[in-house]
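To keep things clear, I will list the structure first and then write my remarks on it.
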Amino acid sequence: MEWHEKYEVAVVGAGHAGIEAALASARLGARTALFTLDADGVGKMSCNPAIGGIAKGHLVREVDALGGEMGRAIDATGLQFRRLNTRKGPAVWASRAQADRFAYSSYMRKAVSLADNLHLRQEEVVALWVEGGALRGVIGRTGTKYFAKTVVLTTGTFLNGLIHIGLTSFPAGRAGDPPAKLLAENLKELGFPVGRLKTGTPPRLNAATIDWAALEAQRGDENPVPFSVDTDSISREQLPCHITYTNSRTHGIIMGAMDRSPLYSGVIEGVGPRYCPSIEDKVVRFSDKERHQVFLEPEGYDSQEIYPNGISTSLPLDIQQKIVNSIAGLERAQIIRPGYAVEYDYSDPTGLYPTLESKHMEGLFMAGQINGTSGYEEAAAQGLLAGLNAGRKAAGLGGVIIGRHQGYLGVLVDDLVTKGAKEPYRMFTSRAEHRLLLREDNADLRLTPVGIDAGIVPRCRREKYELRERDGKRLLEFLENVTLSPCLATDALFSSLGASGLKAPTRLSELLKRPEITIEALKSVVENWPETDWRSEVTVEVEIKYEGYVKRDREALEKMKKLEELPLPADLDYQKIEGLTAEARQLFSRARPLTLGQAQRIPGVTPAAISVIMIHLKKGGRF
């Protein structure tokens with residue numbers, strides 16, 4: 001059989017990465033196929049029913065800035081919204097929302113079903129279709145060949161997926177779904193560098209069996225802040241989460257069952273996430289801690305399932321039940337679904353270009369957990385970039401690269417393709433050198449222009465961006481030119497804020513540099529305030545309050561960019577560069593960095609090696 005249909009882009013996997021990849025290429029106008037094992041499982045939240053968090057919220061807003069769907073989806077289906085780190089500096093402010101996981105999946109299923117140029121297909125992809133070393137498309141389990149100019153693999157935990165509950169193991173991509181064994185074997189046969197990673201999830205509890213009165217409630221924000229610039233406000237009822245803790249009895253149960261733990265008995269070979277460990281890992285690694293926090297998170301408005309965030313485990317079911325019942329408020333709680341660990345194959349991301357195209361096979365892109373990352377947000381961000389570049393390549397256009405100075409997406413991808421992933425990669429604000437410039441509030445100002453140039457941002461979003469720019473400039477000009485004079489009203493306001501009163505007329509921009517003074521406070525005593533979007537007020541206030549730090553960061557960034565953006569010739573033969581050690585030659589030849597900045601970040605590369613390359617290029621008149 002030749003092919004069933006012709007596509008320009010084929011996306012394999014309909015999780016968070018696959019959804020954004022397929023929508024991105026389709027929005028570019030590319031005829032796109034989205035392949036999944038289960039068309040009803042599109043956008044399924046296999047683990048935590050939440051979107052956002054520290055640094056992850058930045059990624060969601062960046063996806064939104066580039067026209068992606070995740071921000072709109074969580075705004076439409078979230079059941080609790082919270083702003084995190086608000087007592088700290090703006091670089092680490094973060095947004096997080098609990099999702100109605102059933103509504104979220106339904107939203108995404110509808111989004112891909114109604115998208116122009118996008119065709120959802122329920123079929124297992126068992127192999128890449130390769131002829132003469134060239135990628136032609138994908139092959140389904142039915143034997144059908146689907147022609148595609150480019151392919152995006154977003155396979156999540158399905159490649160050779162193996163679930164562990166105690167010492168019992170069985171093949172699965174996640175609970176209830178079969179693994180992608182044939183595709184995993186095909187990738188190995190094609191010579192892709194493959195490793196093994198592991199992740200896990202906690203048991204789900206029956207809400208009706210929990211003693212809610214004994215637990216501390218954690219409520220959402222009174223005025224929820226949306227993720228997407230397309231969402232004006234969120235007004236529906238929010239559900240509370242609750243907090244409880246493990247204790248010495250819990251820890252004793254876990255330590256007494258270590259001989260039945262697949263993690264500690266050597267059954268699990270894959271490396272697990274350092275920053276999201278299982279409860280047995282926490283008890284062993286942090287033996288000095290008397291307790292560990294557990295957040296009880298509702299999974300939906302109409303669901304009785306509760307997600308106990310903090311007790312991910314792969315211990316046997318009888319031990320899981322004992323662990324749960326040892327925790328305050330959960331003494332009679334019943335498990336609906338057991339927790340488990342899942343091992344899966346991933347491909348070494350150093351084999352990718354910063355466009356997320358494979359160095360081993362032209363036209364093949366990879367995104368999400370196949371690249372060694374963890375988290376819905378990291379997956380969605382990669383998916384959008386991979387889909388964007390797959391669509392552009394199919395149309396004969398150049399690739400789009402997001403720099404580290406442009407967004408957390410740029411930091412994420414650069415870390416992956418330069419350093420690789422020996423363990424599941426998770427995004428943190430500390431990974432970004434210029435995090436004060438890469439804030440949540442200015443994600444659209446940073447990246448929407450990139451999306452416009454790339455052809456992925458629709459006209460309506462472009463108009464919103466242009467209005468936002470005008471709003472910000474108008475507000476900044478107003479604050480720079482308007483003064484506030486001493487009077488009874490200002491004295492009363494400043495006194496209520498704990499600020500010293502005015503002694504002379506003072507520009508509003510100067511007043512905003514005081515930590516106690518906010519735009520919201522000034523609006524109550526200043527007439528003729530310009531009408532602007534609340535997002536512009538947040539951005540302008542941050543820029544003014546942290547003006548010195550922002551200026552210093554921008555100056556450092558400009559100096560860094562000169563080196564960062566210095567291109568390295570694609571045909572540079574590192575074996576012939578005199579002065580490089582054998583190790584440096586090997587590192588550069590394997591990584592094939594595109595810029596001198598990227599070369600600097602390769603693990604094991606020394607400043608001396610960078611100097612040798614610069615001298616070599618100068619001698620050859622390369623720069």
Side-chain angles (χ1 to χ4, degrees), residues 57-58 61 65 81-95 220-235 435-446 448 463-554:
H58 291 71
R61 282 199 160 81
F81 293 77
R82 293 186 66 222
R83 295 279 284 157
L84 310 176
N85 282 347
T86 53
R87 295 183 180 180
K88 298 182 180 180
V92 295
W93 292 347
S95 301
D221 294 339
E222 188 174 338
N223 297 303
V225 176
F227 279 90
S228 175
V229 299
D230 288 331
T231 307
D232 294 327
S233 63
I234 295 165
S235 57
R435 54 187 172 273
L436 186 54
L437 302 180
L438 307 180
R439 306 184 308 274
E440 274 196 354
D441 68 90
N442 67 3
D444 56 332
L445 296 176
R446 290 185 279 112
T448 299
E463 291 171 353
K464 285 185 178 181
Y465 163 75
E466 291 171 347
L467 177 61
R468 172 109 143 85
E469 263 206 322
R470 290 196 299 270
D471 273 357
K473 290 176 181 177
R474 185 168 65 252
L475 178 57
L476 185 58
E477 184 178 337
F478 177 81
L479 295 169
E480 291 282 0
N481 293 317
V482 174
T483 60
L484 191 61
S485 299
C487 67
L488 291 177
T490 57
D491 286 346
L493 173 65
F494 282 40
S495 176
S496 69
L497 296 172
S500 57
L502 294 176
K503 296 181 180 178
T506 307
R507 284 186 302 159
L508 299 182
S509 58
E510 286 300 314
L511 290 175
L512 272 177
K513 291 179 181 179
R514 298 189 187 186
E516 311 94 336
I517 308 301
T518 64
I519 279 182
E520 196 60 36
L522 289 177
K523 287 168 73 173
S524 67
V525 293
V526 176
E527 296 180 352
N528 301 317
W529 196 274
E531 287 189 18
T532 56
D533 183 87
W534 62 267
R535 292 179 175 87
S536 296
E537 292 182 355
V538 172
T539 300
V540 169
E541 184 171 330
V542 169
E543 293 279 339
I544 289 175
K545 280 193 182 301
Y546 295 87
E547 181 182 20
Y549 297 104
V550 170
K551 182 180 179 182
R552 185 181 64 188
D553 220 11
R554 286 201 171 114

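Position 1 is the first residue of the sequence; numbering continues from there. Just so you know, these numbers come straight off a predicted model, no measurement behind them.
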Could you go through the salt bridge (Lys or Arg N to Asp or Glu O under 4.0 Å) check for E543 and R554 one step at a time? CA-CA 12 Å; E543 293 279 339; R554 286 201 171 114; 3.4 Å; yes
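- Between D533 and K464 there is no salt bridge, since no side-chain nitrogen of the basic residue lies less than 4.0 Å from a carboxylate oxygen of the acidic one.
- Checked for salt-bridge contact, D441 and R535 miss the test: no charged N lies under 4.0 Å from a carboxylate O.
- In this structure, S524 contributes its side chain and A521 its backbone to a donor-acceptor pair below 3.5 Å.
- Residue D232 qualifies as open at atom CG: its count of foreign heavy atoms under 6.0 Å is 12 or below.
- Between D471 and R468, none of the side-chain N atoms (NZ, or NE/NH1/NH2) sits under 4.0 Å from a carboxylate O, so this pair counts as no salt bridge.
- Interatomic distance, F81 CZ to I234 CD1, rounded to the nearest 0.5 Å: 3.5 Å.
- A pairwise comparison of heavy atoms in G89 and Y546 identifies CA-OH, 4.1 Å as the closest pair.
- In terms of heavy atoms, A65 sits closest to A443 at CB-O, 3.5 Å.
- Side chains of F494 and L511 form a contact here, defined as non-hydrogen atoms less than 4.5 Å apart.
- Annotation: E477, atom CD; neighbour count of heavy atoms from other residues, nucleotides and ligands within 6.0 Å does not exceed 12.
- Using modelled atom types, no side-chain atom of S95 and backbone atom of G57 make a donor-acceptor pair closer than 3.5 Å.
- Side-chain contact between D553 and L436 is present, with at least one heavy-atom pair separated by less than 4.5 Å.
- The main-chain N or O of V229 is never found under 3.5 Å from a side-chain atom of R61 such that the two would form a donor-acceptor pair.
- With S228 contributing its side chain and D230 its backbone, the two residues share a donor-acceptor pair below 3.5 Å.
- Taking CD1 of I517 as the reference point, atom CD of E510 lies at 12.5 Å (rounded to 0.5 Å).
- The CD1 atom of I544 sits 9.5 Å away from atom CZ of R507, with the distance rounded to the nearest 0.5 Å.
- For R83 and E440, the salt-bridge test passes: some basic side-chain N is under 4.0 Å from an acidic carboxylate O.
- With 3.5 Å as the limit, one finds no donor-acceptor pair spanning the side chains of R439 and T539.
- Interatomic distance, R87 CZ to W93 CH2, rounded to the nearest 0.5 Å: 14.0 Å.
- Side-chain atoms of K545 come within 3.5 Å of backbone atoms of R514 as a donor-acceptor pair (strictly under, hydrogens ignored).
- Using a distance-only test at 3.5 Å, with no hydrogens or angles considered, a donor-acceptor pair links the side chain of T506 to the main chain of A504.
- A donor-acceptor pair under 3.5 Å is formed between the side chain of N442 and the backbone N or O of L437.
- Residue A91 comes nearest to H58 through the heavy atom pair O-NE2, 3.4 Å, listed as atom of the first residue, atom of the second, then distance.
- Residues T518 and E541 bring no donor and acceptor atom of their side chains to less than 3.5 Å of each other.
- Counting non-hydrogen atoms of other residues, nucleotides and ligands closer than 6.0 Å to NZ of K513 gives a total above 12.
- Of all the heavy atoms in P530 and R474, the pair that sits closest is CB-NE, 4.2 Å.
- Atoms CG and CD1, from L508 and I519 in turn, are 9.5 Å apart once rounded to the nearest 0.5 Å.
- Using a 4.5 Å heavy-atom threshold, the side chains of L475 and E537 count as touching.
- The CG atom of L522 sits 10.5 Å away from atom OG1 of T490, with the distance rounded to the nearest 0.5 Å.
- Heavy-atom minimum distance, L445 versus E469: CD2-CG, 4.2 Å.
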